[in-house]
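Take a look at the structure set out below.
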Amino acid sequence: MKVALDVSAVPAQVAGAGRYIVEVARRLPAHGVNTTLVTRRDDTERWATISPNARTAPLVPSSRATRLAVEAYLLGASATARDNDVWHAPHYTMPRRIASPCVVTIHDLTFFTNPEWHERAKVAFFRRAITHSIKSANILISVSDYTARLIEEMFSSHAPIVIAPLGVELEVFNLDSSRDAALFESHGLELGAPYILFVGTVEPRKGLDVLLDAFVHVAGEDDSIQLWLAGQVGWGEGLIEDRLSVHPFAARIRRLGFVRDDVLPALYRGARAVAYPSRGEGFGLPVLEALACGASVVTSADTVMDEVAGGEAFLSPPGDVGEVTRALMRALSQDAGARGVLAQRARARAQVFTWDRCLSQHVRAYELAMSR
């Protein structure tokens with residue numbers, strides 16, 4: 001089986017859906033798939049390092065606007081598309097004209113359900129593009145049961161759906177803290193500091209505004225607790241910056257910025273609680289990574305994160321400052337024994353989600369696309 005995977009939308013600093021695309025690119029060849037990675041013209045070296053057993057096809061220009069136009073009207077008719085059995089578009093959009101069966105990954109439908117969470121210019125574009133993909137692809141991949149249900153509820157006509165929940169690299173995200181002291185020291189971090197950790201791109205839907213308001217109450221009760229924010233800046237960060245500038249406990253809030261993969265598991269393990277109060281996601285990978293590291297996770301009820309946590313997280317309604325505060329206080333109040341039990345249960349829950357299982361579902365999706 002020969003598959004062309006379009007990786008051209010993945011930025012240099014990988015997060016969210018980009019992490020998913022990297023893992024698929026890295027692992028496809030090991031699943032017996034003859035893989036060609038369709039890259040930006042200036043980005044082949046990175047992908048050759050990520051997936052050395054895959055070919056690269058540097059067909060896409062670097063400019064975003066030009067890239068989208070090339071994808072829509074040229075890539076699908078390229079020799080690469082013709083020479084592969086399946087074209088996999090892993091980030092919502094697909095070529096308007098395509099010479100091979102096409103599989104499209106739909107991560108979420110928030111451009112439809114909550115357009116206020118996104119930049120206006122993107123909402124109109126992605127609504128059109130997602131609608132086209134859902135109706136025109138041979139097969140859709142959904143990264144969660146949650147998103148698959150939404151597709152079925154919102155679109156009376158859609159391509160068949162294969163559900164492929166994301167995975168976690170269990171060998172990396174684990175309970176082993178033996179090297180954490182050295183990692184913290186090398187990054188100028190204080191091992192043993194009592195902190196709540198947030199990991200995610202700074203943008204409105206992540207619930208950072210709610211977390212900052214909840215931290216006012218938590219910090220008022222505990223004069224040692226800190227809040228560490230890890231993640232790159234997205235859009236709408238001005239609203240968060242405004243809150244930070246007047247926060248009564250700003251001195252106890254630490255901005256870590258984008259965190260490299262080598263230190264992230266240690267940050268999860270060292271946290272008194274990992275807070276991910278997002279209003280909505282396609283999957284919520286930080287929740288799964290934190291569980292794999294045995295962390296006490298606080299996240300949003302009745303969302304895909306609730307589904308992923310499977311009962312092993314402290315839950316609160318999205319956007320409710322009082323309930324997020326109470327959930328954080330419950331997580332922070334555990335004694336060492338309770339934390340140890342929770343860590344083992346969290347780890348067991350995370351072990352349900354593997355990249356091998358995710359990739360097996362991808363191979364199934366490709367086979368179905370070829371048969372249609």
Side-chain angles (χ1 to χ4, degrees), residues 1-11 17-18 20-22 24-25 28-29 31 33-44 46-48 50-51 54-109 111 121-143 151 155 157-162 164 359 361-372:
M1 179 192 306
K2 297 193 296 182
V3 173
L5 175 67
D6 183 357
V7 299
S8 61
V10 181
Y20 152 76
I21 297 169
V22 164
V24 172
L28 264 185
H31 282 256
V33 176
N34 189 324
T35 307
T36 297
L37 304 179
V38 179
T39 74
R40 296 192 300 274
R41 291 169 189 157
D42 60 354
D43 201 24
T44 55
R46 174 172 66 135
W47 289 101
I50 289 171
S51 187
R55 297 182 181 86
T56 57
L59 304 179
V60 181
S62 298
S63 162
R64 182 174 183 273
T66 309
R67 173 172 61 79
L68 293 173
V70 166
E71 178 197 45
Y73 300 108
L74 298 178
L75 283 185
S78 66
T80 299
R82 294 194 303 271
D83 291 344
N84 280 274
D85 300 315
V86 175
W87 182 278
H88 182 186
H91 193 251
Y92 303 106
T93 66
M94 64 176 282
R96 292 283 168 165
R97 295 175 293 176
I98 184 72
S100 56
C102 187
V103 172
V104 180
T105 302
I106 304 295
H107 297 269
D108 60 68
L109 293 179
F111 290 103
K122 288 187 175 181
V123 171
F125 171 80
F126 276 104
R127 280 185 168 183
R128 289 193 302 270
I130 291 170
T131 299
H132 175 74
S133 294
I134 284 176
K135 294 182 177 180
S136 303
N138 295 83
I139 296 291
L140 302 174
I141 290 176
S142 170
V143 299
I151 293 171
F155 292 86
S157 173
H158 59 78
I161 303 169
V162 171
L359 268 292
Q361 288 296 90
H362 280 67
V363 173
R364 176 170 170 260
Y366 302 151
E367 291 170 344
L368 290 172
M370 289 168 59
S371 69
R372 286 178 58 80

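Throughout, residue positions are numbered sequentially from 1 according to the sequence presented.
- Nearest heavy-atom pair, P11 versus R46, reported as atom, atom and distance to 0.1 Å: O-NH1, 2.8 Å.
- The shortest distance between side-chain heavy atoms of S78 and L59 falls below 4.5 Å.
- Across all non-hydrogen atoms, the minimal contact from P29 to A25 is CD-O, 3.6 Å.
- Going from atom OH of Y20 over to atom CD1 of I141 covers 4.5 Å, rounded to the nearest 0.5 Å.
- The minimum heavy-atom distance between H91 and A17, with the atom names listed, is CD2-CB, 3.8 Å.
- With W87 as reference, L75 is the one residue of V103, L75, V104, T36 to meet the side-chain contact (heavy atoms from CB on, under 4.5 Å) rule.
- Rounded to the nearest 0.5 angstrom, N138 CG and M94 CE are separated by 7.5 Å.
- Side-chain contact check for P90 versus D6: some heavy-atom pair is nearer than 4.5 Å.
- Atom CZ of R55 is separated from atom OG1 of T44 by 15.5 Å, given to the nearest 0.5 angstrom.
- Remark: the backbone N or O of V3 is not paired with any side-chain donor or acceptor of D85 at under 3.5 angstrom.
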request  = Check the pair H31, M1 against side chain to side chain contact (heavy atoms under 4.5 Å, CB included), reporting the backbone distance first and the verdict last.
outcome  = CA-CA 10 Å; H31 282 256; M1 179 192 306; over 6 Å; no
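- K135 and S157 get closest at one heavy-atom pair: CG-O, 3.7 Å.
- Put simply, the side chain of L368 does not reach to within 4.5 Å of the side chain of P160, judged on heavy atoms.
- Side-chain contact between L359 and V24 is present, with at least one heavy-atom pair separated by less than 4.5 Å.
- Taken to the nearest 0.5 Å, the CD1 atom of I134 stands 5.5 Å off from the CG atom of L109.
- The shortest side-chain heavy-atom distance between I106 and S142 does not fall under the 4.5 Å cut-off.
- Distance CZ/R364 to CD/E367: 9.5 Å, rounded to 0.5 Å.
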Side chain to side chain contact (heavy atoms under 4.5 Å, CB included) assessment of W47 paired with V22 = CA-CA 9 Å; W47 289 101; V22 164; 3.8 Å; yes
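- For A369 against P101, the heavy-atom pair with the smallest separation is O-CB, 3.6 Å.
- For H88 and H362, the gap between ring centers is short of 6.0 Å.
- From T105, atom OG1 reaches atom CD1 of I139 across 12.0 Å, with rounding to the nearest 0.5 Å.
- Side-chain contact between L28 and Y366 is present, with heavy atoms from C-beta onward closer than 4.5 Å.
- Side chains of E71 and S8: a donor-acceptor N/O pair is absent below 3.5 angstrom, by distance only.
- Relative ring orientation between F126 and F111 is described as parallel, the plane-to-plane angle staying below 30° on a 0-90° scale split at 30° and 60°.
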task = Walk me through it: do T35 and S51 pass the test side chain to side chain contact (heavy atoms under 4.5 Å, CB included)?
result = CA-CA 9 Å; T35 307; S51 187; 5.6 Å; no
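- Heavy atoms from other residues, nucleotides or ligands lying under 6.0 Å from CZ of R127 number more than 12.
- Considering only heavy atoms from C-beta on, R41 comes within 4.5 Å of P61 through its side chain.
- For Y73, the OH atom sits in a loose shell: 12 or fewer heavy atoms of surrounding residues, nucleotides or ligands are nearer than 6.0 Å.
- Between R82 and A99, the closest heavy-atom pair is CG-CB, 3.6 Å.
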